[in-house]
Amino acid sequence: MSGASVQTATALPPGRDTRLAVDRDGWIKRFFVIVIGLYLVGALALPLYAMLSKSFVTYSFDLSRYEVMRSDAEGNWGPARSLAAINDELGRFTPQDLASNVNGRLAPTEFFPDFSFRSPERWRIRGLDAESHYLVGLDLIRSDEWRELDSNTFRRVNLRPLPKTGMDNYSAYFSNPALFGSIGNSVTIAAISTVITLFLAFGFAYAINRTCMRFKSTFRMIAMMPILVPSLLPGIALVYMFGTQGYLTPLLMGHSIYGPIGIVIGSVFFTFPHAFLIISTALSIADQRQYEAAESLRASSWRTFWTVTIPGARYGLISAAFVTFTLVITDFGLPKVIGGQYNVLAVDIYKQVIGQQNFEMGAVVSVILLVPAVLAFVVDRIVTRRQVSLLSARSVPFQPRPDRKADRLWLLWCICVALFITSIIATCQAAALIRFWPYDLTPTLANYDFNRMDGGGWAAYWNSLQMAGWTAVVGTVIVFTGAYMVEKIDGFRSGRTLFQFLAMLPMAIPGMVLGLAYIFFFNDPANPANVIYGTMVILVVSTVTHFYTVGHLTALTALKQIDAEFEPVASSLRQPFWRLFGRVTVPVCLPTILDISIYMFVNAMTTVSAVVFLYSTKTALASVAVLNMDDAGTIAPAAAMGMMIFYTNAAARILHAMASRRIMRRTQAWRVR
């Protein structure tokens with residue numbers, strides 16, 4: 001029989017494509033993916049859309065939409081006239097003067113120079129439509145009917161601005177040199193900080209992974225210390241070190257720490273561990289054979305470094321650069337404490353929202369701040385996808401050789417970096433224990449009496465503990481469950497793709513932007529979720545959402561290490577997936593689950609930018625209390641509260657290490673042959 005006849009005989013009859021039926025486990029997994037996806041839509045996508053929409057909204061007083069009538073002392077009424085016509089005669093307000101924000105007020109009495117609230121005259125006012133609303137005292141009037149008032153009541157009338165959509169906010173932003181200059185300031189600070197941080201972190205990581213120097217574990221521990229404190233704390237330490245009364249002020253040679261110098265030094269401090277972790281991971285993977293080949297070719301150490309070491313670590317360096325750049329350009333706490341008059345984008349958002357109550361302009365600055373953060377994230381993702389494996393089955397792990405001279409030089413490098421980190425922490429600790437720097441150096445615990453200070457007292461600290469605890473528990477459950485469902489589900493390709501996009505999106509959203517987006521979305525009375533505004537719930541939701549991506553990627557990494565054959569085997573034995581999940585997946589991934597929970601806890605304790613717009617008097621947080629006490633001039637108590645956050649996170653890390661060690665012994669014995 002010919003090949004053609006065989007093909008014809010075995011061909012399937014025409015009809016619809018055969019598709020595997022979705023079983024009960026498949027529907028349950030789809031349900032969880034949809035539910036957690038809807039959470040990300042409601043907690044991230046919709047608030048961002050609300051904020052973006054607000055950035056195009058401007059408010060101004062439309063005088064043509066209001067009419068006024070005035071009587072004389074005998075009660076004879078004059079003709080109805082629009083306020084726009086009266087303003088044209090008087091030349092009282094220009095179009096720029098009539099621009100406002102959502103909370104603007106304009107009294108009609110401004111258009112009558114001879115107005116007196118004691119006059120027996122009477123007044124009538126109306127809007128030409130229901131949207132042209134105005135206030136009489138505290139009563140909002142939405143009507144196109146005439147309202148008659150005496151002079152004393154008429155003086156309590158205020159017009160409300162009307163919204164319109166357009167690019168006016170962006171035009172106003174880019175035409176304001178002070179605001180527009182913040183873009184250049186932010187990019188400059190982020191670029192300089194990134195270069196310095198990468199230089200220090202690469203040397204530190206190289207010493208840890210590629211030399212035989214001593215005390216590696218100690219240096220690793222010191223390198224992680226900045227993660228345990230809020231970004232405001234290095235700013236406070238730098239004030240004590242290089243401020244007007246600082247003990248190292250002469251080293252600045254007349255320059256001020258308040259401004260770009262202080263921001264750069266503090267940024268290097270709090271971004272160092274992030275860069276170090278990424279670069280250290282890149283340097284820990286190397287093939288010994290490449291170095292043996294370079295040695296056999298008699299290449300110098302310097303040439304080997306540039307032709308083998310740097311190319312092997314280039315993706316780690318690029319990723320560390322973009323992570324550092326994003327962290328610096330989106331940070332709010334440090335520039336707020338020590339930036340002085342040097343404006344940056346994150347502080348501009350705070351000033352527009354808190355200082356001027358101009359939420360629309362705050363939304364504009366937020367959108368602008370999104371651009372470099374999103375670009376850095378996208379480039380990092382593209383670079384990561386191009387990364388190729390550096391190790392194969394035939395690779396030989398790199399083993400550093402002892403070199404007394406080189407090891408001593410790298411040890412000196414690590415000591416200098418460690419002194420930089422520990423000096424900032426030690427300065428904050430000293431500031432928290434000194435009565436009044438630099439005049440009264442008596443040790444005291446009075447700075448820890450937070451109930452006597454502005455900022456929320458000890459209640460703020462307990463609120464932070466509560467919020468961090470809920471964030472760790474709820475966040476870990478949501479993140480790990482979502483990662484499991486999207487990783488182990490069969491089919492549902494479009495749903496998985498959308499979920500992965502939503503899960504990766506928080507990494508590119510600065511905390512200040514997310515917090516402002518929550519104001520626009522959750523503070524809307526028409527939103528059913530408005531009930532959580534001002535409560536602990538919204539703080540937990542914002543924090544979980546803000547730090548969702550790292551936990552999601554961590555969970556996916558662990559889940560990909562589990563053989564995919566477990567699911568088919570369980571299905572063939574007629575075991576539901578949740579039994580496999582509870583008896584196999586969770587125990588195997590328990591160390592990773594603990595890592596996600598401690599990551600959530602520590603970041604919830606230290607975060608400022610994501611919650612600074614969302615707390616209420618009853619839900620003040622320790623990290624925000626540091627900011628408020630610094631604003632009030634009580635710097636020593638602010639340092640004390642920052643150290644309380646450090647103590648708490650350090651204790652949590654120790655408990656996490658002990659729990660991980662115990663769990664590894666009891667549940668991970670299968671890993672050891």
Open item on the list: Which heavy atom of M600 sits nearest to which heavy atom of V544, and what is that distance?
Closed with: CE-O, 4.2 Å

Open item on the list: How long is the straight-line distance from CG of L44 back to OH of Y548, given to the nearest 0.5 Å?
Closed with: 11.0 Å

Task: Inter-residue atom distance M643.CE - C428.SG, 0.5 Å rounding - done: 6.5 Å

TODO: Could you list the residues that satisfy salt bridge (charged side-chain N to carboxylate O under 4.0 Å, His left out) with R496, not counting sequence neighbours?
DONE: none

TODO: Mind checking the CG-CZ spacing from L498 to R493? Nearest 0.5 Å is all I need.
DONE: 14.0 Å

- [ ] Verify, without hydrogens or angle tests, whether D62 (side chain) and P161 (backbone) share a donor-acceptor contact under 3.5 angstrom.
- [x] no

Task: Side-chain touch S464/I645, heavy atoms, less than 4.5 angstrom - done: no

Task: Note, F547 side chain near I596 side chain (heavy atom, < 4.5 Å) - done: no

TODO: Please name all residues satisfying salt bridge (charged side-chain N to carboxylate O under 4.0 Å, His left out) with D631, sequence neighbours left out, ordered by chain then number.
DONE: K336

Task: Residue pair Y461, F450: steps toward the ring-ring contact (aromatic ring centres under 6.0 Å, His included) verdict - done: CA-CA 9 Å; Y461 173 75; F450 302 125; 7.9 Å; no

- [ ] Could you walk me through whether V486 and F32 pass the side chain to side chain contact (heavy atoms under 4.5 Å, CB included) test, one step at a time?
- [x] CA-CA 9 Å; V486 79; F32 275 104; over 6 Å; no

Task: From L63 atom CG to S82 atom OG, the distance as rounded to the nearest 0.5 Å - done: 8.0 Å

- [ ] Examine distances only and state if a side-chain atom of T476 and a backbone atom of V473 form a donor-acceptor pair shorter than 3.5 Å.
- [x] no

- [ ] Could you check whether the rings of Y350 and F613 sit parallel, tilted or perpendicular, using 30° and 60° as the cut-offs?
- [x] parallel

- [ ] Please report the closest heavy-atom contact between P273 and I227, naming both atoms and the distance.
- [x] CG-CG1, 3.5 Å

Please table the atom pairs, donor to acceptor, closer than 3.5 Å between any side-chain atom in residues 133-147 and protein atoms at least two apart or in another chain.
{"from": "H133", "atom 1": "ND1", "to": "E131", "atom 2": "O", "distance (Å)": "2.7"}
{"from": "S143", "atom 1": "OG", "to": "E145", "atom 2": "N", "distance (Å)": "3.1"}

- [ ] List the steps and the verdict of side-chain hydrogen bond (donor to acceptor under 3.5 Å, both in side chains) for D129 and S132.
- [x] CA-CA 6 Å; D129 53 58; S132 305; 3.0 Å; yes

Task: Shortest non-hydrogen contact from A638 toward I236 - done: CB-CD1, 3.8 Å

Open item on the list: Is there a side chain to side chain contact (heavy atoms under 4.5 Å, CB included) between L556 and Q500? Walk through the geometry before answering.
Closed with: CA-CA 11 Å; L556 284 181; Q500 291 284 26; 3.8 Å; yes

TODO: Taking the side chain as every heavy atom from C-beta outward, state whether R30 and V33 have any pair of such atoms under 4.5 Å apart.
DONE: no

Open item on the list: Taking side-chain hydrogen bond (donor to acceptor under 3.5 Å, both in side chains) as the cut-off, I'd like each qualifying pair that reaches into residues 260-275, sequence neighbours left out, listed once.
Closed with: T197-T271

Task: Pairwise side-chain contact, L38 with V35, heavy-atom cut-off 4.5 Å (strictly under) - done: no

- [ ] Could I get the full list of side-chain hydrogen bond (donor to acceptor under 3.5 Å, both in side chains) partners for S53, not counting sequence neighbours?
- [x] none

Open item on the list: Could you check whether any side-chain heavy atom of H552 comes within less than 4.5 Å of a side-chain heavy atom of F499, counting everything from C-beta outward?
Closed with: yes

- [ ] Applying side chain to side chain contact (heavy atoms under 4.5 Å, CB included), run through V353 and N358 and close with a yes or a no.
- [x] CA-CA 5 Å; V353 174; N358 192 344; over 6 Å; no

Can you give the donor-acceptor pairs under 3.5 Å from side chains of residues 505-530 to other protein atoms, not counting sequence neighbours?
{"from": "Y518", "atom 1": "OH", "to": "A43", "atom 2": "O", "distance (Å)": "2.6"}
{"from": "D524", "atom 1": "OD1", "to": "A526", "atom 2": "N", "distance (Å)": "3.1"}
{"from": "N527", "atom 1": "OD1", "to": "A529", "atom 2": "N", "distance (Å)": "3.0"}
{"from": "N527", "atom 1": "ND2", "to": "F521", "atom 2": "O", "distance (Å)": "3.0"}
{"from": "N530", "atom 1": "ND2", "to": "F522", "atom 2": "O", "distance (Å)": "2.8"}

Task: Donor-acceptor pair, side chain of T324 and main chain of A321, under 3.5 angstrom - done: no

Open item on the list: With side-chain hydrogen bond (donor to acceptor under 3.5 Å, both in side chains) as the rule and sequence neighbours excluded, what pairs involving residues 605-621 come up?
Closed with: Y615-N628, S616-T619

Open item on the list: For the backbone of G633 and the side chain of D630, can you confirm whether one donor and one acceptor N or O come within less than 3.5 Å of each other?
Closed with: no

Task: Donor-acceptor pair, side chain of N87 and main chain of L83, under 3.5 angstrom - done: no

Open item on the list: Suppose we call two aromatic rings close when their centres sit under 6.0 Å apart. Are F93 and F111 close by that rule?
Closed with: yes

Task: Rounded distance [0.5 Å steps], OH in Y484 versus CZ in F480 - done: 8.5 Å

Open item on the list: Among residues at least two apart in sequence or on other chains, which ones pass side-chain hydrogen bond (donor to acceptor under 3.5 Å, both in side chains) with S55?
Closed with: Y170

Open item on the list: Using 0.5 Å steps for rounding, measure from the CZ atom of F174 to the CD1 atom of I368.
Closed with: 4.0 Å

Task: M629 backbone acceptor or donor facing T634 side chain under 3.5 Å - done: yes

TODO: May I have all residue pairs that pass salt bridge (charged side-chain N to carboxylate O under 4.0 Å, His left out) and include part of residues 157-172, sequence neighbours excluded?
DONE: K164-D168

Open item on the list: If you define the side chain from C-beta out and look only at heavy atoms, does anything of L162 sit under 4.5 Å from S60?
Closed with: no

Task: Full working for side chain to side chain contact (heavy atoms under 4.5 Å, CB included) between F332 and V608 - done: CA-CA 8 Å; F332 157 74; V608 179; 4.0 Å; yes

Task: All side chain to side chain contact (heavy atoms under 4.5 Å, CB included) counterparts of V474, not counting sequence neighbours - done: W470, I478

- [ ] Mark yes when over 12 heavy atoms from residues, nucleotides or ligands other than F56 sit less than 6.0 Å from its CZ; otherwise mark no.
- [x] yes

TODO: For S231 and L334, work out which heavy atoms get closest and say how close.
DONE: O-CB, 3.6 Å

Could you list the donor-acceptor pairs under 3.5 angstrom formed by side chains in residues 181-192, with sequence neighbours left out?
{"from": "S182", "atom 1": "OG", "to": "L179", "atom 2": "O", "distance (Å)": "3.4"}
{"from": "S182", "atom 1": "OG", "to": "D348", "atom 2": "OD2", "distance (Å)": "2.4"}
{"from": "N185", "atom 1": "OD1", "to": "Y342", "atom 2": "OH", "distance (Å)": "3.3"}
{"from": "N185", "atom 1": "ND2", "to": "N343", "atom 2": "O", "distance (Å)": "2.9"}
{"from": "S186", "atom 1": "OG", "to": "S182", "atom 2": "O", "distance (Å)": "2.9"}
{"from": "S186", "atom 1": "OG", "to": "L345", "atom 2": "N", "distance (Å)": "2.9"}
{"from": "T188", "atom 1": "OG1", "to": "G184", "atom 2": "O", "distance (Å)": "2.7"}

Open item on the list: Side chains of N603 and H546, heavy atoms from C-beta outward: is any pair under 4.5 Å?
Closed with: no

TODO: Heavy atoms only: give me the nearest R105-N103 pair and the separation to one decimal.
DONE: NH1-O, 2.9 Å

- [ ] Taking all heavy atoms of S542 and all of A610, pick out the closest pair and write down the distance.
- [x] OG-O, 4.0 Å

- [ ] Could I get the full list of side-chain hydrogen bond (donor to acceptor under 3.5 Å, both in side chains) partners for R155, not counting sequence neighbours?
- [x] N152

TODO: Check whether any side-chain heavy atom of L106 lies under 4.5 Å from a side-chain heavy atom of L98, and answer yes or no.
DONE: yes

